[in-house]
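First comes the structure, then the notes that go with it.
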Amino acid sequence: MAERYSSFTPGGTGWFLQRVTAAFLVVVLAFHFFLLHFVNHAYEITFLGTQARMENIGYFLTMVLFLITATFHGVNGVYNALVNQGLEGTQKKVVLAVLVIASLALVAQGTYVALTMRGMI
Amino acid sequence: MSQSYNRGLIEDFGRWKEFSAGMWAWIFHKFTGWILIGYLFTHIAVLSTSIGAAGNEAAIANETDVYTTTLGGLEGLFLIRLLEVGLLAVAVFHILNGLRLLMVDLGIGLEAQDKSFYASLVLTGAITVASVPTFLTGVGI
Amino acid sequence: MSTQQAEPETQEAPEDPEMKGAESPAAEEQKGGGMVDDHAEKKAELEGETVHLKVFRYDPEVEGKQEPRFDDFHVPFEKGMTVLDSVMYARDEYDSSLTFRHSCRQAVCGSDAFFVNGKQRLGCKTQISDLEQPVRIEPLPHQEVVKDLVVDMDHFYDQMHTVEPYFQDEDTPPVDDLDEQRQSPENREKIKMSSRCIWCGACMSSCNIAAGDNEYLGPAAINKAYKFAMDDREGEEIKEHRLRILEQEHGVWRCQTQFSCTEVCPKDIPLTEHIQELKREAVKKNLKFW
Amino acid sequence: MYEHDVIVVGAGGAGLRAAIAAHEAGADVAMVSKLHPVRSHTGAAEGGINAALQEGDDWELHAYDTMKGSDYLGDAPAVETLAQDAPEETINLEHWGMPFSREEDGRVSQRPFGGLSYPRTTYAGAETGHHLLHTMYEQVVKRGIQVYDEWYVMDLATTNESDPNDRECHGVVAYDVQSGTIEGFKADQGVVLATGGPGQAFDHTTNAVSCTGDGHAMAYRAGAPLEDMEFIQFHPTSLPSTGVLISEGVRGEGGILYNNEGERFMFEHGYANNSGELASRDVVARAELTEVNEGRGVDDEYVHLDMRHLGEERIMDRLENILHLAEDFEGVDGLVEPMPVKPGQHYAMGGIEVDENGQTCVNGLYAAGECACVSVHGGNRLGGNALPELIVFGKRAGRHAAGDDLGEPEIRTGYGDDVEDETETELPVQPGDAGLDTSGGVAADGGVTADAEGILERKVETARERVDTLMDKEDGVQHAEIRAKLQKAMTDYVNVFRTEEGVKKALEIIRECRQEYQDVYVDDPSKTFNTDLQQTIETRNLIDVAETIALGALVRNEFRGAHWRQENQIRDDENWLKHTLISWDDGEPSIFYRPVILEGQNKTYEPKERSY
Ligand SMILES: Cc1cc2nc3c(=O)[nH]c(=O)nc-3n(C[C@H](O)[C@H](O)[C@H](O)COP(=O)(O)OP(=O)(O)OC[C@H]3O[C@@H](n4cnc5c(N)ncnc54)[C@H](O)[C@@H]3O)c2cc1C
Ligand code: HEM
Ligand code: SF4
Ligand code: F3S
Ligand code: FES
């Protein structure tokens, strides 16, 4: 069992970030739901309305940050869940790579969308 | 070890009846987490219609741009509304249980971990039921 | 005091297809004696009654036992009878090949953790009268079965040994000056619960994560490490060394706070709490370097 | 075949300490134990470890208390060694991280205990033994000492010179419980037996199921005498269905004993008009049994220990763990009903005769812990004196076996010119071997083989044959039946009360057991984890040990310490200031006596009335 000592990959950072992002997400997700389903109803959403909200730089930045944290939180969660189920070796590396690429794509796409909404593109 | 009998995986799932509160909480949390991340991907996909919409000022003004129509169209479907209620339930549970987990991480109220799980369930139910009218207003059949 | 032990289980008689396995000849003889009652009795009425046990049987060598089965035993109830008493009776009176580990009969040796009515419990610490009948007794899940109720504990021991479970202090003063190391009563109180572990393995068996990841240190080993890491008699440096072992990939982070371990621990050790505290300690330690 | 310098049999407190000591002395040590070390019964000890640690206390006081407690049957050199070394060994445990209870200033706590003139019982909560056991096992892990756990030691490999003092022990034969393989373990320097107590010779005991006196029996058959076996301590308050100990604390706090007529019999029937329930252990135990025998027991079996009147608050505050014990092991709620209790076998003062270095008269064969008799406890062990014995004499045995020079021992062992032969007592039956099997302790080769390996191999062969015979046999008696009969006889006749007639009756039943044992068979055909087989072998050992207890009880016609004889209810210093020794002479027990050593380093312990 001694070889374990050499393969240190402290999982603390991921664990910690998962909690920090969760704490952040509670607030933003509640806000998001409240705003888009209770204040403004989802079925009333129009591009104009969206654009108007996005014009506000604070809201825009919050949404982008929301996206980034949610993506990290979600993808990191999925990754951990898989690792917990005993994902090992190359498989693990591949999954990690796929997940990283997917989340990068998601964030890129999301940011791009947000920018268009803001009318900046 | 000479020989031994490995009862294998059936044991784990075959025994779901014997799971305790903490295990159910774990399973639900996982389940809801996966739905949420799945939704996030879909959500961004749907919102991406705004890229097509952008620039077409006239359509936007008339609310006939792709973005508005797509969203409106989707929102017009009863099924989607139902799914939205489901999503809310999922999100609310994930949030509430997430809060429970954060408390556990901080070492607060560990003795009441089963009670707080049941509380999350009940609250999720209550909030979901309460929000049904909001979600179902103006739905086109 | 563990409330979970005292509460009667409210579990239905299991419908597991395996359960209708052959009755052992000895048990049949018993049944011939006219004591067949499959339904759960109220605890007060147990006096003078028989207890219906369904015991997991398996032996890699013996024909007829290679395919696991459940044997039925009907043993006369006596006040104060524990699950261990009941299987000992079944062994001594009906079937001497019924195999299980046991020794102290008083919850200190940790030999007899079984899976009783769907839960990890110490046989000697579980009153029959607190259980629904039939009482289903199986070896601990997630460990390989050696024979009947005996499981292979080697993996459990390995995990315990991985956390360097021994006091380490480089500058232990010479023994002959008869001076003990000082420790505050508060610090001793802090490690008290963690030091009660009897290595029964119930917690490991109950943890889903440990079942899925064989390398996960598991609640018992982490708790063992906690005992040392929180002991002020060991210096800072050693504590850091201990945390390094714990924060490896298969260490504390694996714990998903399922609480099953805490629920089944016969010594009422707050395992989840200890694991969580170590996670926080590990994060704190790492934050220093950021 | 495995080979090591020192083989330690048993991994309880004594075995672990011996192994660590031998390892520190530079030997290649291995432990062979039928249980994983942490499962050993040392873990059950609650009270504490006596050691004169504090200012104002002194080892000489400890030695004096022990001598007095032993009813002057302890050997002074041993008693003084215990008292002198206990402090260092206790502090050593602390340095190994044992979580002792603490005082405000951070020092280890000590509490008062029965028979001690100073509060010197060092403790770790109510689970001192558990911590002692685990702390030492941790040290064994740290040192990487090899442990063969779940290996059952069946026999010793000893040469068979006609005089046991000339014999030599070269190793042990053990079988792997998990796989059924039988192997020899060669010990180049020594074998240390640390197999614990023989409590299972009685049907009601605070001892574990594994306390079957295997070490006693093996050493006995190899020619080392068993000493003072008649001295068995019975604890007055153990739970009837399991034998779990209810601590003296309940009576200390004011708990009351009642018979089935609701009488406070300790007073009402005049057993102890002054101290009542708090009279010494043997007095209370005898009182309880008298009540039961005279038909005033509850369910004809036990008496009631009532603490309800103390009030919930006080009980929760001071006796909470008692509530749990009663609830978990007896299904009784001590707050609403009285707890059933009866006397239970608790500790064996006697054991394998050894000197201060732990060595028996057989060369290279050592014993330590409860299975040994150095003798420090004499006729009666004081609470808290067994654990220090484990660490003090465990260590000495380990070191000596590994070749450390500990000086000439003062205590002599084996048959010699200083012993006195038993003459008078007439025995009802022929004790000893009943043509049982070939497994006497010594190699049956007429003394020709001097080479250790050859002896070991032959012993392995014998063991294999023996197991095969037991397994191949299709029909016969099962060990459980014999064991139950034996235990019942011991509890009926060699219990707290001993009469000549009763003990003789017991010897007759033991003889019957021996005869029945010739017909014993193992039903379980499997080689894997065959506990049926293991228990069958253990039962044989129990028969041998029970017989020595009964023989001792028969010959010692006096009342000393824990041993009470109806025919002569006084301590008879004139005739009985001597140890009873029983040795297995070609399958026939022979009895002889060795005088007690009362001369200490600085003083001679004059026998005085034992009153507290
Ligand atoms: C309930 C209770 C409370 C007690 N409280 C106290 C107290 O407060 N203070 C005190 O000083 N004393 C106390 N005692 C007494 C003390 O605990 C024991 O005398 C002591 O622990 C015995 O230790 P040991 O190492 O000799 O044997 P054990 O701890 O019994 O160990 C025996 C070892 O030998 C092994 N073994 C046995 N047979 C074989 C074989 N054939 N082959 C291989 N291995 C074998 C076993 O596996 C085990 O590892 C108490 C005893 C009891 C029962
Ligand atoms: C868009 C929003 C969210 C997504 C996509 C998401 C997704 C996930 C996923 C996939 C996991 C991994 C589950 C597992 O390991 O089994 C997870 C874990 C977690 N989530 Fe969320 N989540 C979201 C919001 C939240 C919020 C708002 C909280 C609020 C508290 C939260 C708290 C947690 C916690 C604490 C965990 C860790 C559980 C553990 O492994 O111990 N999540 N989340
Ligand atoms: S922590 Fe509890 S359940 Fe786990 S091994 Fe120790 S005593 Fe058993
Ligand atoms: S059951 Fe397992 S997941 Fe954690 S809280 Fe206990 S170790
Ligand atoms: S028999 Fe020792 S813990 Fe149950």
Side-chain angles (χ1 to χ4, degrees), chain C residues 1 5-6 59-62 78-82 85 91-93 95-97 99-100 102-111 124-125 127 129 146-147 150 153 157 161 165-169 172-173 175-176 178-185 188 191-192 195-196 198-199 227-228 231 233-234, chain D residues 35-36 38-41 43-44 53 87-88 91-92 94-97 99-108 125 127 130-131 134-135 138-139 141-142 178 208-210 239-244 323-325 327-332 478 480 484 522-532:
Chain C
M1 155 94 205
Q5 300 282 354
D59 188 324
E61 273 181 58
V62 177
E78 269 175 43
K79 190 168 159 44
M81 185 178 235
T82 62
D85 293 336
R91 177 196 64 196
D92 290 347
E93 302 292 327
D95 182 354
S96 64
S97 69
T99 306
F100 46 90
H102 65 303
S103 181
C104 69
R105 306 160 302 142
Q106 54 194 71
V108 297
C109 76
S111 311
C124 61
K125 201 182 175 229
Q127 288 285 317
S129 56
V146 176
K147 178 175 171 185
V150 175
M153 295 288 284
Y157 297 144
H161 292 166
Y166 36 80
F167 195 76
Q168 304 179 26
D169 203 343
T172 301
V175 168
D176 39 45
L178 272 200
D179 216 3
E180 70 260 48
Q181 310 166 77
R182 304 300 170 97
Q183 183 185 26
S184 69
R188 145 86 187 158
I191 60 166
K192 182 175 95 183
S195 69
R196 292 203 168 150
I198 54 172
W199 297 43
K227 171 183 133 171
F228 292 104
D231 192 325
R233 290 176 294 173
E234 272 191 348
Chain D
L35 303 173
H36 183 276
V38 302
R39 319 267 175 237
S40 302
H41 203 54
L53 288 176
E88 180 185 319
I91 293 302
N92 191 31
E94 198 281 334
H95 283 297
W96 284 343
F100 284 110
S101 294
R102 299 282 168 165
E103 291 302 309
E104 279 309 319
D105 65 0
R107 309 196 75 127
V108 297
E127 56 246 347
H130 165 82
H131 292 310
H134 283 257
T135 303
E138 287 160 11
Q139 293 300 314
V141 173
K142 180 177 185 178
Q178 279 216 0
V209 180
S210 61
L239 294 173
S241 58
T242 47
V244 169
L323 284 181
H324 299 330
L325 292 177
E327 172 74 41
D328 293 341
F329 302 111
E330 199 67 44
V332 164
Q478 296 213 329
V522 175
D523 193 37
D524 188 348
S526 174
K527 278 205 171 295
T528 310
F529 224 98
N530 193 333
T531 48
D532 193 3

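First the proteins, then the strands, lettered A, B, ... as listed; each starts at 1. Since the structure is predicted, the reported quantities are computational estimates derived from the model, not experimental observations.
Remark: the backbone N or O of D/D328 is paired with a side-chain donor or acceptor of C/Q127 at under 3.5 angstrom. For D/K142 (side chain) and C/F167 (main-chain N/O), a donor-acceptor pair under 3.5 Å exists by modelled atom type. D/H130 places a side-chain N or O within 3.5 Å of a backbone atom of C/S195 that can act as its donor or acceptor partner. Under a 3.5 Å cut-off, the side chain of D/Q139 and the backbone N or O of C/Y166 do not form any donor-acceptor pair. Judged purely by atom type and a 3.5 angstrom limit, C/R188 has no side-chain atom pairing as donor or acceptor with the backbone of D/G106. Side chain of C/Q181 to backbone of D/E94: a donor-acceptor contact under 3.5 angstrom is found.
For C/D92, the parts sitting under 4.5 Å from any heavy atom of chain D are the backbone and the side chain alike. When heavy atoms are compared at a cutoff of 4.5 Å, C/R105 approaches chain D by way of both its backbone and its side chain. In this structure, the portion of D/Q478 lying under 4.5 Å from any heavy atom of chain C is its side chain and not its backbone. Using a 4.5 Å cut-off between heavy atoms, C/M153 touches chain D through its side chain atoms alone. Looking at C/T82, only its side chain comes within 4.5 Å of chain D, counting heavy atoms on both sides. Residue contact with chain C, scored on non-hydrogen atoms closer than 4.5 Å, involves the side chain of D/E127 exclusively. For D/A480, the part lying near chain C is the side chain, with the backbone staying farther off; criterion is any non-hydrogen pair under 4.5 Å.
The aromatic rings of C/W199 and D/H36 are tilted relative to each other, their planes meeting at an angle between 30° and 60°.
Here the straight-line distance linking atom CD of D/E104 with atom OG of C/S184 works out to 8.5 Å at 0.5 Å rounding.
Across C/R91, C/Q106, C/E234, the residue that shares the most heavy-atom pairs under 4.5 angstrom with chain D is C/Q106. Options D/V141, D/D523, D/V244 differ in how many heavy-atom pairs under 4.5 Å they form with chain C, and the most are formed by D/V141.
Among D/D532, D/D524, D/T528, D/N530, the single residue meeting the side chain to side chain contact (heavy atoms under 4.5 Å, CB included) criterion with C/T99 is D/D524.
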As a quick check of understanding, evaluate side-chain contact (heavy atoms from CB on, under 4.5 Å) for C/I198 and D/V38, giving each step before the final call.
CA-CA 7 Å; C/I198 54 172; D/V38 302; over 6 Å; no
Show your working on side-chain contact (heavy atoms from CB on, under 4.5 Å) between D/L35 and C/S103 and close with a plain yes or no.
CA-CA 9 Å; D/L35 303 173; C/S103 181; 3.8 Å; yes
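Of the charged side-chain nitrogens involved, none lies within less than 4.0 Å of a carboxylate oxygen, so that D/E103 and C/R182 do not count as a salt-bridged pair.
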